[in-house]
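See structure below.
In what follows, every heavy atom counts, from backbone to side chain, and hydrogens, waters and symmetry copies are set aside.
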Amino acid sequence: MEKVVAYGDVQKLSRVFGVSRSGYYAYLKRKRIDRDAKAKKQVFQVYQRYEGKYGYRLLQLFLWQDQGIWMNHKKVLRLMQAHGIQSRIRRKRRFGSTCAAAERVSENRLKRDFTAEKPNSEMGN
């Protein structure tokens, strides 16, 4: 809610602070304008296009690649925070063998015998 100041009060205050009356009114007018409205829309479109998978760094890159718009990464982050959006955190995938444990055991090609007759004795006398 904006507080209305009488004309005479504005004149006195402008003299005290050393600013012009027109500067004060220009400030009030500027305050109402959302300069980033177009940029917010563009960031949100790219965010939706990629299903919210990516963070501000990649969104900055996709803005440049897809729409030819260069925007600072800090601005992209600020606009994402203003929208309340962030990247979806995905689980890391582990790439390993998919076969069962029994299938990973190698074949005994050397045919060596590692059995002992009794504990702590030499093998295969």
Going through the checks in order, is the side chain to side chain contact (heavy atoms under 4.5 Å, CB included) test met by Met71 and Val43? CA-CA 10 Å; Met71 195 179 298; Val43 167; 4.0 Å; yes

CZ of Arg112: more than 12 outside heavy atoms within 6.0 angstrom? no

Assigning hydrophobic clusters by single linkage (Ile, Leu, Val, Met, Phe, Trp, Tyr; side-chain heavy-atom cutoff under 4.5 Å), is Val76 placed with Trp64? no

Tightest non-hydrogen contact, residues Tyr25 and Val10, listed as OH-CG2, 3.6 Å

Please find the pair of heavy atoms, one from Ser14 and one from Ser20, that lie closest to each other, and give the distance. CB-C, 4.2 Å

Using 0.5 Å steps for rounding, measure from the NE2 atom of His73 to the CG atom of Leu77. 8.0 Å

Give me the atom names and distance for the closest heavy-atom approach of Leu59 to Met80. CD1-SD, 3.5 Å

Dump the intermediate steps for side chain to side chain contact (heavy atoms under 4.5 Å, CB included) on Asp34 and Lys40, then the final yes or no. CA-CA 10 Å; Asp34 185 12; Lys40 280 182 188 176; 3.6 Å; yes

With sequence neighbours left out, the residues meeting side-chain hydrogen bond (donor to acceptor under 3.5 Å, both in side chains) with Arg15 are none

If the condition is side-chain contact (heavy atoms from CB on, under 4.5 Å), which residues does Arg78 pass it with, not counting sequence neighbours? Asp36, Lys75

Minimum heavy-atom separation for Gly55 and Ser87, please, with both atom names. N-CB, 3.5 Å

Residues passing the ring-ring contact (aromatic ring centres under 6.0 Å, His included) test with Tyr50, sequence neighbours excluded, are Tyr54, Phe62

So CG of Leu63 and CH2 of Trp70: to nearest 0.5 Å the spacing works out to 10.0 Å

Please give me the minimum heavy-atom distance between Lys53 and Arg90, naming the atom from each residue. O-NH2, 4.1 Å

If you round to the nearest 0.5 Å, how far is CG of Leu13 from CZ of Arg21? 12.5 Å

Does atom CD of Gln67 have more than 12 heavy-atom neighbours, drawn from other residues, nucleotides or ligands, at distances under 6.0 Å? yes

Any side-chain heavy atom of Arg49 within less than 4.5 Å of one from Gln45? no

Between Gln86 and Gln81, is there a side-chain heavy-atom distance shorter than 4.5 Å? no

